[in-house]
Amino acid sequence: MYRALAWKVLLGILPPHHESHAQGMMYHKGKYSDVLHALKVVRFVSDATPQVEVYLRMYQLESGKLPQSPSFPLKPENEVFLAIAKAMGEMVKDSVDCSWITRCLVNQ
């Protein structure tokens, strides 16, 4: 729990002030839920999609890089994203936290 909190504060996902953490996480959880729902509606992900690929598709959608079809081959930078997401998934159990931390690490 504290490892994830440290990552979120250091990467700017959460403000350093403890009083604002609940509000920040509520925002991030809502955004995560909305993007996940959008990807399910357009059939880019399903309940059977591996979690690291869900994170990748969410990142692609939000950055305007979502391919026209989920069957398009992955680009090399996508492989890097998946490797980071997999490593973070082993450290952080919450999918919202893992998604945001991975996204911020990739953007660094």
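Heads up: numbering here begins at 1 and tracks the sequence. Fair warning: this is a prediction, and the values are worked out from it, not measured in the lab.
A chain of hydrophobic side-chain contacts below 4.5 Å, direct or via other Ile, Leu, Val, Met, Phe, Trp or Tyr residues, connects L11 to M91. Under the 4.5 Å side-chain heavy-atom criterion for grouping Ile, Leu, Val, Met, Phe, Trp and Tyr, L105 is connected to V80 within one hydrophobic cluster. Under a hydrophobic-cluster definition in which Ile, Leu, Val, Met, Phe, Trp and Tyr are linked whenever side-chain heavy atoms come within less than 4.5 Å, directly or via other members, Y27 and L36 are assigned to different clusters.
Taking the side chain as every heavy atom from C-beta outward, R57 and E53 approach each other to under 4.5 Å. By the 4.5 Å heavy-atom criterion applied to side chains, S99 and Y59 are not counted as neighbours. With a 4.5 Å cut-off on side-chain heavy atoms, L66 and L39 count as touching. Between L74 and L82 the shortest side-chain heavy-atom distance falls below 4.5 Å. E77 is not listed as a side-chain neighbour of V106, based on a closest heavy-atom distance of 4.5 Å or more. A heavy-atom distance below 4.5 Å is found between the side chains of M58 and R103. The closest side-chain heavy-atom distance from N78 to Q60 is below 4.5 Å.
The structure places CD1 of I13 at 4.0 Å from SG of C104, a figure rounded to the nearest 0.5 Å.
Between the T102 side chain and the C98 main chain, a donor and an acceptor come within less than 3.5 Å of each other.
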Please lay out, stage by stage, how K31 and E62 fare under the test side-chain contact (heavy atoms from CB on, under 4.5 Å).
CA-CA 10 Å; K31 190 169 181 181; E62 290 186 305; 2.8 Å; yes
Take M25 and K8, measure what side-chain contact (heavy atoms from CB on, under 4.5 Å) needs, and give me the verdict at the end.
CA-CA 10 Å; M25 280 311 299; K8 290 186 286 187; 3.7 Å; yes
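Judged as a ring-ring contact (aromatic ring centres under 6.0 Å, His included), and not counting sequence neighbours, F44 has no contacts. The side-chain hydrogen bond (donor to acceptor under 3.5 Å, both in side chains) check on Q23 picks up nothing, with sequence neighbours excluded. The salt bridge (Lys or Arg N to Asp or Glu O under 4.0 Å) check on E79 picks up nothing, with sequence neighbours excluded.
Y32 and D97 form no side-chain donor-acceptor contact under 3.5 Å, judged by distance and modelled atom types alone.
Closest of all the heavy-atom pairs between V9 and P15 is CG2-O, 4.2 Å.
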